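Encoded as structure tokens, the structure appears first; notes follow it.
Please read these numbers as outputs of a predicted model, since none were measured by experiment. Chain letters run A, B, ... following the sequence lines, proteins first, then strands; residues in each count from 1.
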Amino acid sequence: MAAPKTAIVPTRSEDYAQWYQEVIKAADLAETSPVRGCMVIKPWGYGLWENIQQNLDARFKATGHKNAYFPLFIPLSFMQREADHVEGFAKECAVVTHHRLEPDADGQLQPAGELEEPLIVRPTSETIIGEMFSKWIESYRDLPLLINQWANVVRWEMRTRLFLRTAEFLWQEGHTAHATEQEAVDETLQMLDIYKEFAENTMAMPVITGAKSEGERFPGAVETYSIEAMMQDGKALQSGTSHFLGQNFSRAQDITFQNDNKEVEFAWTTSWGVSTRLIGALIMSHADDDGLVLPPRLAPSHIVIIPITFKADDPDAILNYCHKLAADLGVLNYHGRNVTVEIDNRDIRGGEKTWGWVKKGIPIRLEVGPRDMESDSVFMARRDKGHKEKQGVPREEFITTVTDILDEIQQGLFDRAVARRNEATQTIDSKEDFYKHFEGDGSGFVYAHFCGDPAVEDEIKGDLKVTLRCIPLHGHDEEGTCIFTGKPSKQRVLWAKSY
RNA sequence: CGGGGUGUAGCUCAGCUUGGCAGAGCGCUUGUUUUGGGAACAAGAGGCCGCAGGUUCAAAUCCUGUCACCCCGACCA
């Protein structure tokens with residue numbers, strides 16, 4: 001059978017949605033599960049999540065946050081406390097009403113032992129963490145309170161897609177309380193910056209930071225900020241959010257403290273999170289028609305060594321050579337963790353083995369056979385280059401330059417993603433051009449002046465499925481007139497079709 | 001939740017219109033020959049035809065219901 005031209009069928013241009021699913025399958029990241037809307041994250045995919053966790057957690061700790069854990073179940077009455085919050089989440093909550101199973105006459109297990117008050121499975125934890133904050137906070141001396149939790153949450157979505165939107169997903173949710181409004185706003189923006197920095201530096205995924213419009217705001221928040229990334233099909237993906245909650249939740253949940261003037265005040269709170277959706281963002285930022293492409297700083301493994309032993313006089317010598325090489329590489333430090341090496345000595349054909357690693361997106365593949373061992377070198381292929389661009393490199397040279405090569409790959413992925421985004425970004429100055437652009441196949445980011453009227457936003461969404469992604473924080477201050485209403489506008493805002 | 005589509009071997013699917021022994025390719029197992037970028041041959045293993053009812057001498061096939069997944073909407077990290 002002739003090899004297909006691409007490892008992934010269909011390609012991105014043929015059927016993007018299908019391509020996305022095939023990449024996940026081919027890279028062995030995750031599968032759908034017997035439970036509707038829930039996914040099984042497999043080792044290679046979970047390895048990505050572990051690296052996301054490790055990297056972000058260090059950033060949270062460095063800015064003074066501590067991890068804690070709160071219950072999966074939230075009393076129904078807690079959800080009731082903040083009106084907007086209720087409205088935002090009520091429709092997608094899983095509800096626990098019983099605490100026991102009993103066999104019926106036919107021996108079928110039936111729920112029994114009805115709970116006095118139903119519990120909901122957390123869709124987010126503002127309410128239960130707020131409840132605890134109200135107990136923990138008494139004095140201004142208890143503030144700021146900076147807490148993060150790594151957890152799973154459940155939102156009963158109508159339509160799900162692996163990583164992008166699943167009924168259960170993994171995330172972190174930071175929750176903080178502050179004595180002053182300014183401090184809480186600063187915290188909100190600080191965490192947004194950390195997300196941006198993480199996305200760009202670690203994931204090699206450029207993002208735009210900005211504020212959400214009223215309609216796109218987190219239920220109960222005063223202000224929601226997000227990082228918005230551009231996927232390869234020209235659709236935007238909200239990849240992380242940071243909310244300034246004002247005193248809305250502290251009023252609803254009685255989070256008060258006494259200030260140094262003996263007065264009782266409501267605390268100012270924030271919350272912020274990123275989820276396993278980031279893995280979807282990663283795939284759609286970097287993967288190509290041959291499968292996943294991983295930025296080295298997030299890759300579960302950096303290098304795979306494939307021993308070529310089939311026609312060697314002494315296969316063990318090659319294996320030993322590979323193990324020694326792996327050990328030499330494994331002590332190198334690459335951005336806070338050791339270089340991670342796999343030796344793939346599975347007894348399968350070389351081509352199949354190689355393509356497996358291509359599809360998994362490992363940054364560097366090394367083939368080591370008798371000829372290489374003899375010349376004390378390795379045969380290197382990079383995932384960011386063509387499959388045939390392999391080159392022999394002396395072993396010593398490879399060891400001394402490998403972290404530079406990884407950085408070069410990392411930087412290359414970022415540059416490529418920036419270039420793609422720039423190409424998919426334009427500035428538009430009339431309603432007519434705006435509609436012309438987005439009707440049909442139009443995609444990408446569009447900067448346009450906007451007066452801020454929510455009704456106009458709804459209309460555009462209805463007409464074109466285009467939403468206001470964010471009101472960018474940096475670099476777009478410029479007086480103008482709204483292209484939809486002609487009213488004055490202080491700056492251009494960011495529009496796109498989105499996930 | 002509305003519209004459309006699909007459920008048959010681990011995977012991709014044929015068979016269904018017109019009811020009559022459960023099929024193919026890939027993958028898997030074993031063996032031989034191969035092997036520096038998706039190997040060849042041979043012999044095997046593997047299915048409650050999504051699930052539950054119904055019609056019939058007989059159901060993968062017809063009827064009813066139900067569940068799941070995919071695509072398009074509405075909603076969302």
To the nearest angstrom, how far is [X] atom [atom1] from [N] atom [atom2]?
| X | N | atom1 | atom2 | result |
| --- | --- | --- | --- | --- |
| A:I308 | B:rA39 | CD1 | P | 13 Å |
| A:I24 | B:rC69 | CD1 | P | 15 Å |
| A:R346 | B:rG38 | CZ | C1' | 13 Å |
| A:D290 | B:rG37 | CG | P | 16 Å |
| A:K353 | B:rU35 | NZ | P | 16 Å |
| A:E352 | B:rA39 | CD | C1' | 10 Å |
| A:W156 | B:rA68 | CH2 | C1' | 13 Å |

Sort out the partner of [N] for me: Watson-Crick or G-U wobble, both distances under 3.5 Å, none otherwise.
| N | answer |
| --- | --- |
| B:rG19 | none |
| B:rA9 | none |
| B:rA42 | B:rU30 |
| B:rG2 | B:rC72 |
| B:rA58 | none |

Exercise. Can you list the residues that meet the salt bridge (charged side-chain N to carboxylate O under 4.0 Å, His left out) rule with A:R122, with sequence neighbours excluded?
Worked result: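 Salt bridge (charged side-chain N to carboxylate O under 4.0 Å, His left out) check on A:R122 returns nothing, list empty.
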For this session: Under the salt bridge (charged side-chain N to carboxylate O under 4.0 Å, His left out) rule, collect the residues that match up with A:E82, sequence neighbours excluded.
Result: none
For this session: Strictly below 4.0 Å, heavy-atom distances to any atom of RNA chain B: list the hits from residues 367-389 of chain A, or just say none.
Result: A:E367, A:G369, A:P370, A:R371, A:D372, A:F379, A:A381, A:H387
Pairwise [atom1] distance for [N] and [M], with rounding to whole Å:
| N | M | atom1 | result |
| --- | --- | --- | --- |
| B:rG37 | B:rA45 | P | 36 Å |
| B:rA60 | B:rU66 | P | 23 Å |
| B:rC62 | B:rG20 | C1' | 14 Å |
| B:rC1 | B:rC76 | C1' | 15 Å |
| B:rC21 | B:rG15 | C1' | 14 Å |
| B:rU17 | B:rU64 | P | 15 Å |
| B:rC51 | B:rG7 | C1' | 11 Å |
| B:rG65 | B:rU55 | C1' | 15 Å |

Problem set entry | Nearest-0.5 Å distance, CD1 of residue A:I305 to CZ of residue A:R365 | 13.5 Å
Problem set entry | Value rounded to 0.5 Å, distance of CD1 in A:I460 from CZ in A:F434 |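 Between A:I460 CD1 and A:F434 CZ, I get 5.0 Å after rounding to 0.5 Å.
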Exercise. Can a donor-acceptor pair under 3.5 Å be found between the side-chain atoms of A:K390 and the base atoms of B:rG37?
Worked result: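 Such a pair is found, so the answer is yes.
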Exercise. Can you find a donor-acceptor pair, distance only, under 3.5 Å between A:R365 side chain and B:rG37 base?
Worked result: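 Under the 3.5 Å cut-off, the side chain and the base do form a donor-acceptor pair.
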Seminar exercise, completed: Per-nt protein contacts along nucleotides 70-77 of chain B (heavy atom under 4.0 Å; B base, S backbone sugar-phosphate only, - none) come out as S-BBBBBB
Seminar exercise, completed: Under a 4.0 Å heavy-atom criterion, the protein footprint on nucleotides 3-14 of chain B, written with B, S and -, is ------------
Exercise. Looking just at side-chain N and O atoms, do A:S125 and A:E173 make a donor-acceptor pair shorter than 3.5 Å?
Worked result: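 The criterion, which ignores hydrogens and geometry beyond distance, is satisfied for A:E173 and A:S125.
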For this session: For A:N51, enumerate each residue passing the side chain to side chain contact (heavy atoms under 4.5 Å, CB included) test, keeping only those at least two apart in sequence or located in another chain.
Result: A:Q54, A:L298, A:R337
For this session: Select base, sugar-phosphate, or nothing to describe what A:V274 touches, counting heavy atoms under 4.0 Å on all strands.
Result: nothing
Could you tell me if the ring centre of [X] sits under 6.0 Å from that of [Y]?
| X | Y | answer |
| --- | --- | --- |
| A:F89 | A:F218 | yes |
| A:W495 | A:H437 | no |
| A:F163 | A:Y20 | no |

Seminar exercise, completed: Paired with A:W272, the side chain to side chain contact (heavy atoms under 4.5 Å, CB included) test is passed by just one of A:Y225, A:F60, A:F244, namely A:F60
Exercise. Where does the angle between the aromatic ring planes of A:W171 and A:F169 fall among parallel (under 30°), tilted (30 to 60°) and perpendicular (over 60°)?
Worked result: perpendicular
Problem set entry | A:V274 backbone acceptor or donor facing A:Q172 side chain under 3.5 Å | yes
Exercise. Do A:K212 and A:E228 meet the salt-bridge criterion of a basic N to acidic O distance under 4.0 Å?
Worked result: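 Judged by the 4.0 Å cut-off on N to carboxylate O distance, A:E228 and A:K212 do form a salt bridge.
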